[in-house]
Amino acid sequence: MLYWVVKALLTPILRVCFRPWVQGGEHLPAGGGAILASNHLSFSDSIFLPLVVPRKVTFLAKSDYFTGKGFKGLLTKGFMSGVGQVPIDRSGGAASEAALLTAKHILADGHLLGLYPEGTRSPDGRLYRGKTGIARMALETGVPVIPVAMINTDVVQPTGKKIPHLGRVGIRIGRPLDFSRYEGMEGDRFVLRSITDEIMYELMLLSGQEYVDTYATKAKADLAQARLAARELPVNAPAVPSQPARKAS
């Protein structure tokens, strides 16, 4: 009930301020479980996508959003629950298995599950390599994967900005991808990689983003390391005098 209350309150405001446009809405199934595989440019992706989808969309969100302290933490938890977020622990191992089990229950109940195959937001607007968890989930549940491209959300709400700027955002929805031909092969890592790459290729076509064949988490770590190294360089470091060239004997 909270989901629909939040959606009813936000929809008219967001439609006026951001005028979201949609292409391919006819590809959304009227019923039954399906995975909405989206690129991830901004925190607001998880708000604008449910806004334009008539059915409820449930996202798997990092558990940090649900464990904050005080009034702010309570408010964040209430909002994330209200927009259809389900907390998961992404630390790996048993936690990852628990996340997969949660997702399977959501899909088995005939709901729409929103996933970001990149695993985290893009650090620079490019599309990064997808993680194979989405492929395994699709094979184990037998549901279709619907590629979704978020457009311009990183412009209206760049990373680190809590309040979005006024602007227009778009959502392109692709044709459902059927991977039933790989049924029973969820244990084959080459199959999982092939499925994931096919999903990312469709996202690249829909979004128009440049594709980078590395994980976004690694790109973020490399960027953070480069920034740290730049800060540690002395601002007015004296130039090292060059040694005079030796004459050949």
Side-chain angles (χ1 to χ4, degrees), residues 35-49 59-68 72-73 76 79-80 83 85-100 102-103 113-137 145 147-165 167 169-171 189 192-193 195-233:
I35 298 172
L36 302 183
S38 173
N39 60 336
H40 200 9
L41 296 172
S42 169
F43 172 83
S44 60
D45 294 333
S46 300
I47 297 178
F48 284 111
L49 181 54
F59 290 90
L60 300 183
K62 59 182 180 181
S63 56
D64 297 2
Y65 289 132
F66 297 81
T67 57
K72 182 180 178 181
T76 301
F79 177 78
M80 299 302 284
V83 294
Q85 304 272 2
V86 174
I88 62 165
D89 187 337
R90 300 187 297 186
S91 58
S96 297
E97 289 298 323
L100 180 63
T102 299
L113 179 69
L115 289 180
Y116 300 114
E118 293 168 277
T120 186
R121 281 171 285 183
S122 170
D124 53 15
R126 297 185 292 176
L127 184 68
Y128 284 84
R129 196 177 199 216
K131 297 189 175 183
T132 59
I134 187 172
R136 180 182 169 191
M137 197 177 300
V145 177
V148 177
M150 306 302 297
I151 311 294
N152 217 39
T153 52
D154 56 333
V155 176
V156 300
Q157 189 178 22
T159 300
K161 297 293 183 181
K162 294 183 179 180
I163 301 178
H165 309 294
V169 301
I171 299 96
R189 61 189 181 93
L192 296 182
R193 173 47 57 192
I195 292 174
T196 305
D197 288 345
E198 182 177 340
I199 295 170
M200 301 312 294
Y201 180 75
E202 292 297 324
L203 287 178
M204 181 187 69
L205 295 180
L206 287 171
S207 68
Q209 292 172 273
E210 177 187 348
Y211 178 74
V212 184
D213 194 23
T214 189
Y215 292 114
T217 49
K218 182 181 185 303
K220 283 186 174 181
D222 291 344
L223 185 60
Q225 187 174 6
R227 287 174 177 169
L228 180 61
R231 286 199 301 266
E232 291 177 348
L233 287 175

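Please read all numbers here as calculations on a predicted model, not as lab measurements.
- Among pairs with a residue in residues 202-211, those fulfilling salt bridge (charged side-chain N to carboxylate O under 4.0 Å, His left out) read R126-E210, at least two apart in sequence or across chains.
- Pairing each heavy atom of S42 with each of H40, the nearest pair is O-CE1, 3.2 Å.
- For the residue pair S38 and P117, the shortest heavy atom distance occurs at O-CD, 3.2 Å.
- By the 6.0 Å contact criterion, CZ on R193 is enclosed, its count of non-hydrogen atoms from other residues, nucleotides or ligands being greater than 12.
- With sequence neighbours excluded, the residues that form a side chain to side chain donor-acceptor pair (under 3.5 Å) with K218 are D222.
- Using a 4.5 Å cut-off on side-chain heavy atoms (C-beta onward), T132 and R189 make no contact.
- Here the CD atom belonging to E118 is positioned 10.5 Å from the CD1 atom belonging to I134, to the nearest 0.5 angstrom.
- In terms of modelled atom types and a separation under 3.5 Å, the side chain of K220 and the main chain of R121 share a donor-acceptor contact.
- Of the possible donor and acceptor atoms, none in the side chain of Q157 sits under 3.5 Å from a partner among the backbone N and O of H165.
- Between F48 and M150, the shortest heavy-atom contact is CB-CE, 3.9 Å.
- Taking OG1 from T102 and CG from L113, the interatomic distance works out to 10.0 Å, rounded to the nearest 0.5 Å.
- The structure places CD1 of I35 at 7.5 Å from CD1 of I199, a figure rounded to the nearest 0.5 Å.
- What you find for L41 and T159 is that their closest heavy atoms are O-OG1, 4.4 Å.
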Begin with the C-alpha distance, continue with both residues' side-chain angles, and end with the deciding distance and a verdict on side chain to side chain donor-acceptor pair (under 3.5 Å) for T120 and Y128.
-> CA-CA 9 Å; T120 186; Y128 284 84; over 6 Å; no
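- If you take CG on L206 and OH on Y201, they are separated by 11.0 Å, rounding to the nearest 0.5 Å.
- Results of the side chain to side chain donor-acceptor pair (under 3.5 Å) test with R129 over T196, D213, D197, T214 single out D213 as the only residue that passes.
- Between the side chain of Q209 and the backbone N or O of G125, at least one donor-acceptor pair lies under 3.5 Å.
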Give the intermediate values and the outcome of side-chain contact (heavy atoms from CB on, under 4.5 Å) for residues E198 and V145.
-> CA-CA 11 Å; E198 182 177 340; V145 177; over 6 Å; no
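- For the pair P147 and L203, the tightest heavy-atom approach, listed with the atom from each and the gap, is CB-CD2, 3.9 Å.
- Listed here is the closest heavy atom pair of Y116 and S46: OH-OG, 2.7 Å.
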Q225 and L228: side-chain contact (heavy atoms from CB on, under 4.5 Å), yes or no, with the steps?
-> CA-CA 5 Å; Q225 187 174 6; L228 180 61; 5.6 Å; no
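- Separation of atoms CG (N39) and OH (Y211) is listed at 13.0 Å; rounding is to 0.5 Å.
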